[in-house]
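To start, the structure itself, in structure tokens.
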2 protein chains.
Amino acid sequence: MADGRLARGERTRTAVLDAAVSMASVDGLEAMSLARLAHATEVSKSGLFAHWPDKEALQLAVIARAVHIWTAHVVTPAFAEPRGVRRLWALHERRIEFYASGVLPGGCFFVATQAEFDDRPGPVRDALAAAINDWLFLIKTVAAQAVELGELRPDTDVEQVAFEIEAHGHAVVTFSRLLHAEGAAAYGRTAVLDRLRSLSPVPELLPGN
Amino acid sequence: MADGRLARGERTRTAVLDAAVSMASVDGLEAMSLARLAHATEVSKSGLFAHWPDKEALQLAVIARAVHIWTAHVVTPAFAEPRGVRRLWALHERRIEFYASGVLPGGCFFVATQAEFDDRPGPVRDALAAAINDWLFLIKTVAAQAVELGELRPDTDVEQVAFEIEAHGHAVVTFSRLLHAEGAAAYGRTAVLDRLRSLSPVPELLPGN
DNA sequence: ACACAAAAAGACCGATCGGTCGGTAATTTT
DNA sequence: AAAATTACCGACCGATCGGTCTTTTTGTGT
């Protein structure tokens, strides 16, 4: 299946999506205009419509691409850690490193878009909610494994833990971006690390203070 | 000089600003168009320009109005509590109640706008950052008073505490809005309450679990 | 009744928005 | 070699964007 046309189309398609994820991490998914996206990728505006029927379809594709990037940079590396509290911590740690790495010029695609769509019903909002729900489910699952392994106290409320980890991860972006609080990453690390250590019968599995 | 014309102008001015705060809590400050705002307030679009020279000036006025609403609904009631950890908790509790009260259709003006402007330099971003910094400074100040009163452990890092409280308050909005997690408010309360109780030598000052 | 000033309306402008259309060059299938 | 498919472009469309200009309405002192 070495189709030159399909290969070329696939190349520009992913190039556009990558640029769109970057652009949306700065401006949001709706504020990203097709003309600017086309100009940034050196494609004509009508060329975009050759790949996606309308803006909404492109936005959905952008979300899928953002999930892929997130998985590659955060989830997969964290799963190199053994199951349990170390993997749970790695998820948070990798996330903060991802923000600091500057892969996305806006810091985080999901932080930039979820406030934009939380009151705007439709497929785009549903896709964003599903992506974030998947992320939360992942945290809960890993936390539940840590409980099973005896690395978190048996009475741990994994829903509560997932809420707090997500809250602190999100806050790292908003603090370091809008305010120029350079200590945001440290606060976000300390908050979750202290919490997990206090919940764990084996805190020595986690990095020291 | 009790001029009825000035009174009329003042009336429409605050009416427009109130509507704008509501609209911006849903759509954001930039996505809020002047035509829609004018239509919602039954004012002509050019009537808006009679009160503010351009959109940016109106946005700045809207921010000031949003701060005023926030102060009236959250800060002032919380200051009815005595200084110390009870007042600190009241700030968080009042905030969550404000979100649940439905005063703003979008939940929170600042949550809706800060991701929109965190990468967009200019006076509007500066004003938003200043407003949120004021709020954080307030939390830190009240927390420091709690330390002085011996209601929080003397080694408490008030910067860290402010980060965590703000993170959890913010997360209550995003969780209850985008996802339809109805338990968001409970998670946000529990997270801060447990944290403050663990930091306080006199946890009986705080409500029970 | 009058002049005056503030508030508000209406018509209009250039730019940009998402989106459509007809067409072309290149590649693959038949 | 013809036919079909794919990638992509430039021109253009109606709607809406923020903003300007001129005019009308409305309330106030004399």
Side-chain angles (χ1 to χ4, degrees), chain A residues 1-20 23-24 26-63 113 116-117 120-125 127, chain B residues 1-20 23-24 26-63 113 116-117 120-125 127:
Chain A
M1 165 101 64
D3 190 324
R5 292 170 310 180
L6 297 182
R8 183 159 70 110
E10 191 59 31
R11 242 185 301 129
T12 62
R13 197 175 291 122
T14 65
V16 167
L17 290 181
D18 279 334
M23 195 171 286
V26 174
D27 302 316
L29 261 177
E30 195 71 28
M32 172 193 71
S33 90
L34 300 184
R36 282 194 300 127
L37 177 61
H39 186 263
T41 53
E42 291 181 315
V43 171
S44 74
K45 203 178 67 169
S46 52
L48 296 178
F49 288 94
H51 294 281
W52 301 276
D54 51 33
K55 189 180 187 181
E56 184 176 289
L58 185 134
Q59 288 172 322
L60 293 172
V62 173
I63 293 171
T113 54
E116 193 182 15
F117 277 91
R120 191 186 293 239
V124 177
R125 174 226 160 92
Chain B
M1 170 81 76
D3 197 325
R5 294 168 304 183
L6 298 183
R8 182 160 75 113
E10 190 59 31
R11 243 185 298 130
T12 61
R13 196 176 291 122
T14 66
V16 167
L17 289 181
D18 279 335
M23 195 171 286
V26 174
D27 302 316
L29 261 177
E30 195 69 28
M32 171 193 73
S33 88
L34 299 184
R36 283 193 300 126
L37 177 61
H39 186 263
T41 52
E42 291 181 313
V43 170
S44 73
K45 202 178 67 167
S46 52
L48 298 178
F49 287 94
H51 294 280
W52 301 276
D54 51 32
K55 189 180 186 182
E56 184 176 288
L58 185 136
Q59 288 171 323
L60 293 174
V62 173
I63 294 171
T113 53
E116 194 183 14
F117 276 91
R120 191 186 292 241
V124 177
R125 174 228 160 90

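By convention in this document, chain letters (A, B, ...) are assigned in the order of the sequence lines, proteins followed by strands, and residues within each chain are numbered from 1. None of the values given here were measured: they were computed from a predicted structure.
Contact of the A/M32 side chain with the A/L58 side chain is registered, since non-hydrogen atoms from C-beta on lie closer than 4.5 Å. No side-chain heavy atom of A/W52 sits under 4.5 Å from any side-chain heavy atom of A/Q59. Between A/H51 and A/T12, the closest side-chain pair of non-hydrogen atoms falls below 4.5 Å.
Here the P atom of nucleotide C/dG18 and the CH2 atom of A/W52 are 14 Å apart, to the nearest Å. Atom NE2 in B/H39 sits about 17 Å away from atom P in D/dA15, given to the nearest Å. With rounding to whole Å, B/L48 atom CG is found 14 Å from C/dG10 atom C1'. Whole-Å rounding puts the A/L58 CG to C/dC17 P distance at 15 Å. In this structure, the CD atom of A/E30 is 9 Å from the P atom of C/dG19, given to the nearest Å. At whole-Å resolution of the value, CZ in A/F49 and P in D/dA11 are 17 Å apart. Rounded to a whole Å, the CG atom of B/D54 is 22 Å from the P atom of C/dC13. What separates CD of B/Q59 from C1' of D/dC17 is a distance of 13 Å, to the nearest Å.
When distances run from any side-chain atom of B/S46 to the nucleotides C/dG10, D/dG19, D/dC9, the shortest one goes to C/dG10. Side-chain proximity of A/S44 to the nucleotides C/dG19, D/dG19, D/dG10 is greatest for D/dG10.
The two residues B/T113 and B/A24 come nearest to each other via the heavy atoms CG2-O, 4.3 Å. Of all heavy-atom pairs between A/P123 and A/L60, the closest is O-CD2, 3.6 Å. Taking every heavy atom of both residues into account, B/A31 and B/R36 meet most closely at O-NH2, 3.0 Å. Considering every non-hydrogen atom in both B/I63 and B/A127, the closest pair reads CD1-CB, 3.9 Å.
Nucleic acid contact class of A/S33 (heavy atoms, under 4.0 Å, all strands): sugar-phosphate only.
Between the A/K55 side chain and the A/E30 main chain, a donor and an acceptor come within less than 3.5 Å of each other. Between the side chain of A/E116 and the backbone N or O of B/E116 there is no donor-acceptor pair closer than 3.5 Å.
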Quick test: give all pairs of protein nitrogen or oxygen and nucleotides 4-7 of chain C nitrogen or oxygen below 3.5 Å, distance rounded to 0.1 Å.
unit_1	atom_1	unit_2	atom_2	d
C/dA5	N3	B/R5	NH1	2.9

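Between the base of D/dG19 and the side chain of B/K45 there is a donor-acceptor pair shorter than 3.5 Å. Between the base of D/dG19 and the side chain of B/K55 there is no donor-acceptor pair shorter than 3.5 Å.
A stem is defined here as three or more consecutive Watson-Crick or G-U pairs, each with both distances under 3.5 Å; for DNA chain C these stems are C:1-30 with D:1-30.
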